[in-house]
Peer 1: 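Can you keep this structure in mind? I'll have questions shortly.
Numbers for residues simply follow the sequence, beginning at 1.
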Amino acid sequence: MDFLKIILLSLFSLAMLFLITKIMGYRQISELSFFDYVEGITIGSIAAEMSTNIDLEWWKGVTAIGVYGIVGVLLSLMTRKSITARKIISGKPIVLIEQGKISEKSLKKAKIDINDLLASARLNGYFNIADIDCAVMENTGKISFQPTALKRQLNPKDFSFAPEREGLCYNVIIDAKIMQSDLKNAKMTEKQLKNQLKSRGVDLNNVLLATLDINKKLTVFEKGIDNNNQ
């Protein structure tokens, strides 16, 4: 009986976690603030306690998860509406390097040392700190780097060249199924799509993926074939 209760409570806690996650929104681990991270761990701990502690009344765990979830949503709304609240709750970026000069004061404020800064620089492809013009620690703890003018990548503007806009690429077919919403956004009818496949001698059932760009160029990847038909 206890075994069955644990299974049911586990499924229920998973459903609660899924619901709270949907309400609080999608964010990657690297984008979480310290408060978000702690809140996520706490909610997970409560859910685990609900699953394994059969003596705990289920409504207590649900209430605790609900409270943490509601507080998280309210704080998120506050940070969107108020810049002051955003600075207090989420923090603000800290400039670690400016015009090629490292700020020891900023390093102390960010609670990192020079070795941490060098390690982050290497992970971002900068093995010589002199190649960095600016470095900023974001409120997520991640450090963003801007290279010096001589070390940055060239772009079309440097050659007075203006490339054409590429726009979005729509996945109109996935696993032999036509994605109606993407097809509609691409402003193509199902009949036109099938006609293009037919003209290439491609069977819809053999399509692994088909994409359509802004210029109506259809790229087809067939099942069991390494290259693509264009």
Peer 1: What I want to find out is whether Arg152 reaches Asp158 closely enough, with some N-O distance under 4.0 Å, to be called a salt bridge.
Peer 2: yes

Peer 1: Can you hop from Val136 to Tyr126 via hydrophobic side chains spaced under 4.5 Å?
Peer 2: no

Peer 1: Counting only heavy atoms not in Gln180, do more than 12 fall under 6.0 Å of its CD?
Peer 2: yes

Peer 1: Can you find a heavy atom in the side chain of Ile132 that is under 4.5 Å from one in the side chain of Thr148?
Peer 2: no

Peer 1: In Å, rounded to the nearest 0.5 Å, how long is the span from CD1 of Ile46 to NZ of Lys60?
Peer 2: 13.5 Å

Peer 1: In Å, rounded to the nearest 0.5 Å, how long is the span from CG of Asn124 to CD1 of Ile143?
Peer 2: 8.5 Å

Peer 1: Leu193, Leu208: one ILVMFWY side-chain cluster at the under-4.5 Å cut-off?
Peer 2: no

Peer 1: Which residue is it: Leu183, Leu212, Leu209? I am looking for the one with a side chain to side chain contact (heavy atoms under 4.5 Å, CB included) to Asn171.
Peer 2: Leu209

Peer 1: Quick check: do Met179 and Val172 have side-chain heavy atoms less than 4.5 Å from each other?
Peer 2: no

Peer 1: Quick one: NZ on Lys151 to CZ on Phe145, what's the gap to the nearest 0.5 Å?
Peer 2: 16.0 Å

Peer 1: In terms of hydrophobic clusters joined by side-chain contacts under 4.5 Å, are Leu204 and Val220 together?
Peer 2: yes

Peer 1: Strictly by modelled atom types, are Ser144 and Glu138 linked by a side-chain donor-acceptor pair under 3.5 Å?
Peer 2: yes

Peer 1: Indicate if Leu218 and Ile214 have the same hydrophobic cluster label, given that clusters are the connected sets of ILVMFWY residues with side-chain heavy-atom separations under 4.5 angstrom.
Peer 2: no

Peer 1: Find out if a path of hydrophobic residues (ILVMFWY) with successive side-chain heavy-atom gaps under 4.5 Å connects Ile94 to Leu107.
Peer 2: yes

Peer 1: With the threshold set at 4.0 Å, does a side-chain nitrogen-carboxylate oxygen contact exist between Lys108 and Glu104?
Peer 2: no

